There are 2 protein chains.
Amino acid sequence: MVAAGPGCVTDGVHDAEMDVATGLVQLTGLVQGIYTRVSERHDLTPVQARLLCVLLGGPRGMAELARCFGVEKAALTGLMNRAERRGLAQRSSVPGDRRAVQVTLTDAGRQAAIAFHAEVSAELGHLTSQLTPHDRELFRGMTAEIIARCRTSSLSDTC
Amino acid sequence: MVAAGPGCVTDGVHDAEMDVATGLVQLTGLVQGIYTRVSERHDLTPVQARLLCVLLGGPRGMAELARCFGVEKAALTGLMNRAERRGLAQRSSVPGDRRAVQVTLTDAGRQAAIAFHAEVSAELGHLTSQLTPHDRELFRGMTAEIIARCRTSSLSDTC
DNA sequence: TATTGTTATACTCTATAACTATA
DNA sequence: TATAGTTATAGAGTATAACAATA
């Protein structure tokens with residue numbers, strides 16, 4: 001049983017019979033809601049926010065980003081056009097390969113990315129703040145375990 | 001520590017230092033990916049699949065659905081137009097109120113909803129199948145706890 | 001031939017604003 | 001006036017298909 005301290009079961013709303021699948025769907029909705037809300041607060045769409053966060057890891061090619069987002073190359077073109085028009089990221093040419101472009105953050109983009117990332121991390125952290133430190137670490141570990149398993153069995157974003 | 005059985009730490013990829021926030025984002029991506037993939041398998045968009053699942057709970061009004069999805073009424077009109085055109089759901093008039101419409105599933109819609117729900121539940125269940133029964137129940141409980149807390153502190157779908 | 005990226009087109013989903021009809 | 005729903009318009013995000021340029 002989950003260290004069920006007082007206050008866990010909210011007034012009259014006992015978490016009766018919620019199976020893992022339902023829990024995962026609702027948790028996903030919660031996380032998405034937070035991600036979207038923080039994005040809006042920073043005047044970004046969720047997809048733009050995600051793009052900026054990925055680019056914090058360094059320059060990326062268009063095809064690489066498409067793979068990472070799990071979308072077609074053509075979708076990236078539109079995404080980058082909008083990001084570039086808004087001054088968040090930019091294309092530059094790659095020395096060795098005249099076909100390729102390199103996508104990098106502008107200063108404004110980097111600033112936005114850092115601010116967004118900090119805020120969304122903080123808000124997501126709050127989500128588990130009610131758990132005991134012990135449960136919180138348990139939860140973190142199990143989440144990491146689930147992800148690690150699925151990373152191997154294909155199909156996830158690789159970025 | 002999470003009952004760290006063999007095979008949890010995947011070849012060379014130790015889940016080093018993944019914080020709760022990152023874990024939640026990646027888990028969300030995983031769940032979304034599954035939801036989307038299963039939707040496609042049933043020739044539905046994720047939003048349509050969600051609409052059908054909500055309607056499994058009984059007839060709903062347009063405004064009610066909009067509130068439940070966290071979108072404007074106008075968005076629901078488009079959503080329902082497409083769902084109706086595809087024969088998944090239908091509008092019918094409400095006896096007591098000549099402004100209102102009632103949205104219900106068609107037979108095809110109900111069938112699709114049930115099939116989708118079963119499949120997505122199964123796939124999401126697999127996500128935690130690597131955990132020990134004990135850990136799995138712990139995870140379920142903590143997830144339910146997180147959701148219950150946030151249900152009270154506003155901002156989530158109420159449906 | 002394979003890869004990188006773009007253009008053109010179409011569809012879904014969403015928001016905002018203005019509107020009708022009913023309560 | 002408030003509520004239920006629609007229409008019109010605009011924009012983001014995505015897919016497919018066809019294309020250009022380079023490797």
Side-chain angles (χ1 to χ4, degrees), chain A residues 29 32-33 35-37 39-54 59-104 157, chain B residues 29 32-33 35-37 39-55 59-104 112 157:
Chain A
Q32 264 191 274
Y35 203 96
T36 301
R37 190 149 39 83
S39 298
E40 279 167 1
R41 214 179 285 154
H42 290 261
D43 195 31
L44 299 168
T45 66
V47 179
Q48 280 172 344
R50 189 177 167 203
L51 174 63
L52 299 192
C53 285
V54 169
R60 297 278 187 273
M62 296 292 281
E64 193 180 357
L65 288 171
R67 237 174 297 127
C68 157
F69 277 57
V71 301
E72 294 298 315
K73 296 177 302 179
L76 250 292
T77 298
L79 219 58
M80 263 309 295
N81 288 345
R82 290 186 289 271
E84 207 158 22
R85 193 198 317 147
R86 297 195 40 187
L88 298 167
Q90 57 199 348
R91 294 166 166 100
S92 49
S93 54
V94 174
D97 189 337
R98 282 185 5 217
R99 297 170 303 177
V101 303
Q102 215 178 15
V103 178
T104 54
D157 304 339
Chain B
Q32 265 191 274
Y35 203 96
T36 300
R37 191 151 39 82
S39 299
E40 279 167 0
R41 215 178 286 153
H42 290 262
D43 195 31
L44 299 168
T45 66
V47 180
Q48 280 173 342
R50 189 177 167 203
L51 174 62
L52 299 192
C53 285
V54 169
L55 290 176
R60 298 277 187 273
M62 296 292 282
E64 194 180 355
L65 288 170
R67 236 175 297 128
C68 158
F69 278 56
V71 301
E72 294 298 317
K73 294 177 304 178
L76 250 291
T77 297
L79 219 57
M80 262 309 294
N81 288 345
R82 290 186 290 272
E84 209 158 20
R85 194 198 317 146
R86 296 194 42 187
L88 298 168
Q90 57 199 349
R91 294 166 166 99
S92 48
S93 54
V94 175
D97 189 338
R98 282 185 7 218
R99 298 170 302 178
V101 302
Q102 215 179 14
V103 178
T104 55
D157 304 340

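Everything quoted here is computed from the prediction, not taken from an experiment. Basis for what follows: all heavy atoms, side chains included, without hydrogens, waters or symmetry-related copies.
Distance A/Met80 CE to C/dG5 C1': 12 Å, rounded to the nearest Å. The nearest whole Å value for the distance from the CG atom in A/Leu65 to the P atom in C/dT6 is 11 Å. Taking atom CG of B/Asp43 as the reference point, atom P of D/dA15 lies 16 Å away to the nearest angstrom. For the pair A/Arg67 CZ and C/dT3 P, the computed distance is 10 Å after rounding to whole Å. Whole-Å rounding puts the A/Leu76 CG to C/dT4 P distance at 12 Å. Rounded to an integer number of Å, the gap from CE of B/Met62 to C1' of D/dT7 is 12 Å. Residue A/Leu44 contributes atom CG, which lies 16 Å from atom C1' of D/dG11 at whole-angstrom precision. The CD atom of B/Gln102 sits 10 Å away from the P atom of D/dG5 (whole-angstrom rounding).
Heavy atoms only, all atoms of each residue included: A/Ala66 and A/Leu76 are closest at CA-CD2, 3.6 Å. What you find for B/Ser39 and B/Ala49 is that their closest heavy atoms are OG-CB, 3.6 Å. Residue A/Val101 comes nearest to A/Val94 through the heavy atom pair C-CG2, 3.8 Å, listed as atom of the first residue, atom of the second, then distance.
The salt bridge (charged side-chain N to carboxylate O under 4.0 Å, His left out) pairs that include a residue from residues 74-93 of chain A are A/Asp43-A/Arg86, A/Glu84-A/Arg91, where partners are two or more places apart or lie in different chains.
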Where along nucleotides 14-23 of chain C does protein come under 4.0 Å, by heavy atom, of base (B) or sugar-phosphate alone (S), with - for untouched nucleotides? SSBB---BBS
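The salt bridge (Lys or Arg N to Asp or Glu O under 4.0 Å) test applied to B/Arg41 returns B/Glu119, B/Glu123, not counting sequence neighbours.
The phosphate of C/dT7 (OP1 or OP2) has no side-chain N or O of A/Thr77 nearer than 4.0 angstrom. Applying the 4.0 Å criterion to OP1 and OP2 of D/dT6, one finds that B/Arg91 has a side-chain N or O inside that range.
Nucleic acid contact class of A/Arg86 (heavy atoms, under 4.0 Å, all strands): none.
For the pair A/Gln102 and A/Arg60, the minimum side-chain heavy-atom distance is 4.5 Å or more. Annotation: side chain of A/Lys73 is not in contact with side chain of A/Met62 (no heavy-atom distance under 4.5 Å).
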